[in-house]
Amino acid sequence: MPPPESVDLTALGTSLGGSRRLRGHLARPEGDGPWPGVVVVHEALGVDDVMLRQTERLAQAGYLTLMPDLFADGGARRCLVPTMRAATSGRGRAWADLEAARRTLAGHPDCTGRVGVIGFCMGGSFALIAAGQGAFDAASVNYGLVPKETEHALAKSCPVVASYGGRDRLLRGAAARLEAALTAVGVPHDVKEYPAAGHSFLNDAENAPRPLRPLTRIAGIGPEPESAADAWRRIEAFFGKHLADS
């Protein structure tokens with residue numbers, strides 16, 4: 001499979017109030033479409049080889065996959081803080097960028113028109129709020145923050161599959177809160193916490209800056225292959241039911 005191709009989303013993004021420069025990475029399945037689409041929302045570390053491989057993995061599973069670079073208009077130093085704020089507030093330029101990615105997929109001739117969203121870390125927070133906004137057909141939330149007033153935020157949510165690590169100190173109890181809220185509002189869901197995993201456990205390699213890796217290892221942040229394999233199995237089955245089979 002060829003690597004994801006770079007696509008220019010600037011015109012649509014700016015028309016929606018998004019970034020002045022916006023690029024994305026588009027990965028296509030092999031064979032002939034059309035296929036369901038998936039928008040990938042990257043971690044707080046930005047677009048890197050790990051996130052590109054996550055994008056490729058979803059394409060291999062049969063999804064036309066697009067990851068917008070939310071830091072394209074200024075780099076991580078300028079974009080990280082406002083993008084993190086947007087991830088939890090539901091407001092800000094990053095949301096227009098994500099909508100540009102969703103519309104690009106939904107209108108693509110190789111897309112069936114059904115589009116899901118998957119997010120990791122910061123992207124998981126985006127994915128969960130996006131699920132509640134109703135624009136996507138299914139959402140995969142991976143160690144994302146659970147919003148306050150959770151039941152209200154998710155009352156009109158699309159189906160959600162979510163994965164958390166039991167060793168993730170930043171998100172203790174998040175899986176249980178999310179499970180309870182989705183059950184209360186009657187949203188189809190699959191939420192699971194993995195006792196052996198920490199934050200970023202779906203990554204297939206460490207991607208923190210090298211000087212910080214001793215600290216991230218102590219904190220339990222990084223790959224946990226056994227948990228990741230089960231989480232990916234659940235994600236692919238859930239998307240297969242709510243995107244591919246619908």
Practice task
Starting at NE2 of H42, measure out to CD1 of I118 and round the result to the nearest 0.5 Å.
Solution key: 14.0 Å
Practice task
Supply the atom-to-atom distance S140 OG to L202 CG, rounded to the nearest 0.5 angstrom.
Solution key: 7.5 Å
Handout entry: Euclidean distance, E149 CD relative to L154 CG, rounded to 0.5 Å
Key = 11.5 Å
Fill in the blank from the handout: Smallest heavy-atom separation, D137 atom then G113 atom, equals OD2-O, 4.2 Å
Handout entry: Side-chain heavy atoms of L128 within contact of L145, under 4.5 Å
Key = no
Fill in the blank from the handout: In terms of heavy-atom contacts, P36 and C111 come closest through C-SG, 4.2 Å
Practice task
Could you walk me through whether H189 and L178 pass the side chain to side chain contact (heavy atoms under 4.5 Å, CB included) test, one step at a time?
Solution key: CA-CA 10 Å; H189 64 277; L178 181 56; over 6 Å; no
Practice task
Could you name each residue pair satisfying salt bridge (charged side-chain N to carboxylate O under 4.0 Å, His left out) that touches residues 164-180, not counting sequence neighbours?
Solution key: none
Handout entry: Nearest heavy atoms of A96 and G17, plus distance in Å
Key = CB-C, 3.7 Å
Fill in the blank from the handout: Correct closest heavy-atom pair for P147 and A153 would be CG-CB, 3.9 Å
Practice task
Using modelled atom types only, decide if a donor and an acceptor are shared between the side chain of Y164 and the backbone of G144 within a distance under 3.5 Å.
Solution key: yes
Practice task
Sequence neighbours left out, what passes side-chain hydrogen bond (donor to acceptor under 3.5 Å, both in side chains) with S125? Give chain and number order.
Solution key: none
Completion exercise
For V160 and V187, the nearest pair of non-hydrogen atoms, with its separation, is N-CG1, 4.5 Å
Problem - Atom of H242, atom of P159 and distance for their closest heavy-atom approach - result: ND1-CG, 3.5 Å
Completion exercise
By side-chain hydrogen bond (donor to acceptor under 3.5 Å, both in side chains), T65 pairs with (sequence neighbours left out) none
Problem - Main-chain N/O of P34 paired to D110 side chain as donor or acceptor, under 3.5 Å - result: no
Handout entry: Pairs where residues 75-89 contributes a residue and the test side chain to side chain donor-acceptor pair (under 3.5 Å) is met, not counting sequence neighbours
Key = none
Exercise for the section: Any chance you could measure L171, atom CG, to C121, atom SG, to the nearest 0.5 Å? Expected result: 9.0 Å
Problem - Sequence-distant partners of W232, ring-ring contact (aromatic ring centres under 6.0 Å, His included), two or more places apart - result: none
Exercise for the section: Mind jotting down which residue pairs meet the salt bridge (charged side-chain N to carboxylate O under 4.0 Å, His left out) criterion with at least one end in residues 45-69? Sequence neighbours excluded, please. Expected result: R53-D204, R57-E236
Practice task
Check side-chain hydrogen bond (donor to acceptor under 3.5 Å, both in side chains) between K192 and all other residues, then give those that pass, not counting sequence neighbours.
Solution key: D230
Fill in the blank from the handout: Contacts of R234 meeting salt bridge (charged side-chain N to carboxylate O under 4.0 Å, His left out) (sequence neighbours excluded), chain-then-number -> D190
Practice task
Check whether F201 and I221 end up in the same hydrophobic cluster, where Ile, Leu, Val, Met, Phe, Trp and Tyr are linked by side-chain heavy atoms less than 4.5 Å apart.
Solution key: no
Completion exercise
Under a side-chain separation threshold of 4.5 Å, the hydrophobic residues clustered together with W35 are V7, L9, L22, L26, V39, V41, L64, L66, L70, F71, L80, M84, W95, L98, L105, V115, V117, M122, F126, I129, F136
Practice task
Look at the side-chain heavy atoms of Ile, Leu, Val, Met, Phe, Trp and Tyr, link any pair under 4.5 Å apart, and say whether F120 and L170 land in one connected group.
Solution key: yes
Exercise for the section: For E43, check side-chain hydrogen bond (donor to acceptor under 3.5 Å, both in side chains) against everything at least two apart and list the hits. Expected result: S200, N203, N207
Handout entry: Residue pairs involving residues 213-229 (criterion salt bridge (charged side-chain N to carboxylate O under 4.0 Å, His left out); sequence neighbours excluded)
Key = E206-R217
Problem - Side chain to side chain, L45 and V50, heavy atoms closer than 4.5 Å - result: no
Problem - Listed once per pair and sorted, the salt bridge (charged side-chain N to carboxylate O under 4.0 Å, His left out) pairs that draw on residues 2-24, sequence neighbours left out - result: E5-R28, D8-R23, R20-D73, R21-D73
Exercise for the section: Take the angle between the ring planes of Y63 and F239 and call it parallel below 30°, perpendicular above 60°, tilted in between. Expected result: perpendicular
Handout entry: Separation of E193 CD from S227 OG (nearest 0.5 Å)
Key = 10.5 Å
Practice task
Check the hydrophobic clustering (I, L, V, M, F, W, Y; side-chain heavy atoms under 4.5 Å; chains of links allowed) and say if V191 and V141 are grouped together.
Solution key: yes
